[in-house]
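A short worksheet on the structure shown next.
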Amino acid sequence: MQIELPPRRRRALISLTPLIDVVFILLIFFMLASSFLDWSAVPLSTPSAQQTPAVVDEPPLSVRISVDAGVRIEGEAVEHDAIKGVIRQYLDEQPERTVVVQPEAGVTLQQVVDVLDEVRHANPRSMRLARE
């Protein structure tokens, strides 16, 4: 007498591919949604129509940004690393001076923001952004 055994069931294999896909999608989502930059704002005030212009004895400190020549402070070429120190020297002599940053046409916004940030670190009493 022969006993028949029931057919063996094959064990179902669990695929890890969908799990790995979900993990990668979550990784991409969090990478795109996260910001790794330290954002900081450069405060600029615009004059209102009701304000009367103040009488200023000192001419403003001119910081020009050009595409080819880089940064010029009062007509002298200055390296990016030295902007803060040079402005600080001028402001030590005349602390009431307004710093006016004038970008040339064609200068990228990032260059302007970098220079404005350096000027801000020199702690001027007043800072302006002007067109050519």
Item to check | salt bridge (charged side-chain N to carboxylate O under 4.0 Å, His left out) between Arg125 and Glu96, intermediate numbers included | outcome: CA-CA 6 Å; Arg125 195 168 292 257; Glu96 298 297 321; 3.3 Å; yes
Item to check | Worked verdict on Ile28 versus Leu32 for side-chain contact (heavy atoms from CB on, under 4.5 Å) | outcome: CA-CA 6 Å; Ile28 291 170; Leu32 294 175; 3.9 Å; yes
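Of the residues Val99, Thr98, Leu61, Val100, the one that meets the side-chain contact (heavy atoms from CB on, under 4.5 Å) test with Ser126 is Thr98. If you run side-chain contact (heavy atoms from CB on, under 4.5 Å) between Leu116 and each of Ile65, Val101, Val63, only Val101 comes through.
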Tabulate below the donor-acceptor pairs under 3.5 Å that side-chain atoms of residues 78-88 make, not counting sequence neighbours, or state none.
unit_1	atom_1	unit_2	atom_2	d
Arg88	NE	Asp92	OD1	3.3
Arg88	NH1	Ala122	O	2.2
Arg88	NH2	Asp92	OD1	3.3

Let me check something: any side-chain donor-acceptor pairs from residues 12-21 under 3.5 Å, sequence neighbours excluded? List them with distances.
unit_1	atom_1	unit_2	atom_2	d
Ser15	OG	Thr17	N	3.4
Ser15	OG	Thr17	OG1	3.4

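Using a 4.5 Å heavy-atom threshold, the side chains of Arg72 and Ser66 count as separate. Residues Gln111 and Val115 are not in side-chain contact: their nearest non-hydrogen atoms beyond the backbone lie 4.5 Å or more apart. Proximity of Leu109 to Val113: side-chain heavy atoms (C-beta onward) are separated by under 4.5 Å at one or more points. Counting only heavy atoms from C-beta outward, the side chains of Val119 and Pro124 approach each other to under 4.5 Å.
Taking all atoms of both residues into account, the shortest heavy-atom contact from Ala130 to Pro103 is O-CD, 3.3 Å. Smallest separation of non-hydrogen atoms from Arg97 and Pro60: NH2-O, 3.6 Å.
Connection of Ile25 to Phe30 is not established within any shared hydrophobic cluster, with ILVMFWY side chains joined at heavy-atom distances below 4.5 Å, either directly or through further cluster members.
At least one donor-acceptor pair closer than 3.5 Å links the side chain of Glu74 to the backbone N or O of Ser62.
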